[in-house]
Amino acid sequence: MNEDQQINGGSPQLPQEPIDWLTKPVIRFLHIEAAAGLVLLLFTMAALILSNSSWAHSFLEVWETPLGIQLGSLEFTRSLREWINDALMTLFFFLASLELKRELVLGELRNLRVAALSISAALGGMLVPAAFYLILQSGQPGQSGWGTVMSTDTAFVIGCLALLGTRIPYSLRVFMLSLAIVDDIGAILVVAIGYSSDLRWEALAFAAAGLTIMRGMALLGIRNIAIYFLVGSLIWSAVDASGIHATATGVILGLMAPTGKWVSDARLHTILDQVVAYPPGDHWSRNTEAREALQMAEAAARETLSPVERLEMMLHPWVGFAIMPLFAFANAGVPLSFVDLGNSITVAVFVGFTLGKPIGVFVFSWLAVRTGMAIRPPGLGWLLLAAGSLLAGIGFTMALFIANLAFSPSLINAAKLGILLASAFSAAAGVVLLMGWSAWGKNPKT
């Protein structure tokens, strides 16, 4: 069906341009992240209020409730907090991995020099703050917590950018989104390498067999998501038993998701033409050829999107509005005390995020551009990039996640306090600088 036929003989619709396939998914992602940031903030405040109230003991104890199953001598039990941190957060990493793959194959990061800017910034934003932290904690009990200061919270960063609306160029949003996604993948590699226990090779072999089976299912054309979820759950169990942190499963499975469509645009139009050819009537409700054509059209419309895009659209609201707020509610509760402000771990975490993060992101970005390895997108000036570097110090979700693995119960509250203070400071500093950029001038060269 050509364009004239669409206008004159079919239902009116706007023509699709190639750029729409790139920008629409990113815009949708940013809108969800901005709203999810607000929900995340509300649950964080609720956790802080409850953990510093007369209900603090009951609130903190409920997350230690054991849940699981026992079959004879085989017991598979975790606390409620561990189920949230190990199982539900796997979906968070799965979504981050899907988004990274979509950006690399279909989106902004297809341009290698543009991708190099985000990757360089993320690398600097992991290495420099970790170095700052290790310098301050060398030889002290909190030395193993170096991974805590390496992450950036996507939802809070995008939420801060949303406060300024259209005054902030789209290029900064895409840069920060790409940086945070690469950052998340780096963080899970840190978890897998730095905070995993002794490896059990038989469990790893079972996980590898599961991944092989899943790849074979894709090659055979199996498209039922429930079957993939079942096999993925078995792989998660094997990775968990292997000594590698189970959330690494989400990254692996996300990168394995196909980016190709099953149904082409041309085939979709042909199938839809068959449906349109049937006149109005009640033949849709019976087992007729018309009904079969309609069912085929439904499947074709769904499969015109790649599995990566469909999974992202399906999971993103659940992760943004359920999993991340629940994670914050279970982990952000910390009894606040002015005595802890001078704790060496609190200071090291605060310095790592508020100084190490912006220095690492900005300097590595500058070096990448200066050496010609990367280019800045149009409109992304150095002052804007400096503001984004400050916002990168909002570590929150991933910082809490790694802190739970890195610190003993006696040290965790000091680390959490540093995370909360650093996130609040970084958010305020970044937003103030962006407001100043908006008020003083918007020269892309600055």
Side-chain angles (χ1 to χ4, degrees), residues 40-41 43-57 59-61 63 81 85 125-153 156-157 160 187 190 194-195 327-362 389-433:
L40 188 61
L41 177 61
F43 274 79
T44 301
M45 296 302 298
L48 285 172
I49 291 171
L50 287 171
S51 60
N52 289 277
S53 70
S54 57
W55 299 294
H57 179 74
F59 173 72
L60 295 174
E61 280 295 313
W63 303 112
R81 178 184 283 111
N85 293 357
M126 289 187 283
L127 295 178
V128 176
F132 272 55
Y133 182 91
L134 285 172
I135 290 171
L136 293 172
Q137 279 292 299
S138 178
Q140 299 190 46
Q143 180 176 319
S144 62
W146 53 270
T148 304
V149 296
M150 297 177 70
S151 59
T152 296
D153 191 287
F156 274 140
V157 169
C160 288
V190 167
Y195 298 105
F327 172 85
F329 201 47
N331 291 277
V334 52
L336 299 177
S337 172
F338 289 109
V339 176
D340 292 330
L341 289 177
N343 187 290
S344 63
I345 292 177
T346 303
V347 172
V349 171
F350 184 84
V351 171
F353 275 123
T354 59
L355 288 181
K357 264 287 183 182
I359 291 174
V361 169
F362 189 86
S389 301
L390 287 171
L391 289 177
I394 307 174
F396 197 71
T397 304
M398 275 306 303
L400 290 174
F401 179 81
I402 296 178
N404 281 313
L405 302 173
F407 293 101
S408 65
S410 62
L411 302 177
I412 187 66
N413 282 344
K416 285 184 177 181
L417 182 60
I419 293 167
L420 293 171
L421 292 174
S423 296
F425 178 87
S426 298
V431 169
V432 167
L433 186 54

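Interatomic distance, F350 CZ to L417 CG, rounded to the nearest 0.5 Å: 10.0 Å. Once rounded to the nearest 0.5 Å, the distance linking OH of Y133 with CH2 of W146 reads 11.0 Å. The distance from atom CZ of F425 to atom CG of L420, rounded to the nearest 0.5 Å, is 15.5 Å. Going from atom CD1 of I412 over to atom CG of L400 covers 7.5 Å, rounded to the nearest 0.5 Å. One finds the CG atom of L391 at 8.5 Å from the CG atom of L433 (value rounded to the nearest 0.5 Å). Atom NZ in K357 sits 10.0 Å away from atom OG in S426 (nearest 0.5 Å).
A distance-only check finds no donor-acceptor pair linking the side chain of K416 to the backbone of N404 [under 3.5 Å]. When atom types are taken as modelled, the side chain of T397 and the backbone of D153 share no donor-acceptor pair closer than 3.5 angstrom. At least one donor-acceptor pair closer than 3.5 Å links the side chain of S144 to the backbone N or O of A406. Under a 3.5 Å cut-off, the side chain of T346 and the backbone N or O of A414 do form a donor-acceptor pair.
Shown here for A348 and Q137, the closest heavy-atom pair between the two residues is CB-CG, 3.7 Å. The nearest pair of heavy atoms linking P129 to G356 is CD-O, 3.6 Å. Taking each heavy atom of A332 and T44 in turn, the nearest pair found is CB-CG2, 4.0 Å. In plain terms, the two heavy atoms of G418 and V349 that are nearest each other are C-CG1, 3.6 Å. Here the shortest heavy-atom pairing between A392 and V361 reads CB-CG2, 4.1 Å. When every heavy atom of S51 is checked against every heavy atom of L60, the shortest pair comes out as CB-CD2, 4.2 Å.
Looking at heavy atoms from C-beta onward, L355 lies in side-chain contact with F132 at the 4.5 angstrom threshold. A 4.5 Å side-chain heavy-atom check between F407 and I402 finds every atom pair outside the cut-off.
For the side-chain hydrogen bond (donor to acceptor under 3.5 Å, both in side chains) test, no residue two or more places apart in sequence or in another chain qualifies with S54. Every residue two or more places apart in sequence or in another chain was checked for a side-chain hydrogen bond (donor to acceptor under 3.5 Å, both in side chains) with S423, and none qualifies.
Taking the six-membered ring where the residue is Trp, the centroids of F396 and F327 are separated by 6.0 Å or more.
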Side chain to side chain contact (heavy atoms under 4.5 Å, CB included) between L134 and Q143, worked out: CA-CA 6 Å; L134 285 172; Q143 180 176 319; 4.1 Å; yes
Residue pair L136, S344: steps toward the side chain to side chain contact (heavy atoms under 4.5 Å, CB included) verdict: CA-CA 8 Å; L136 293 172; S344 63; over 6 Å; no
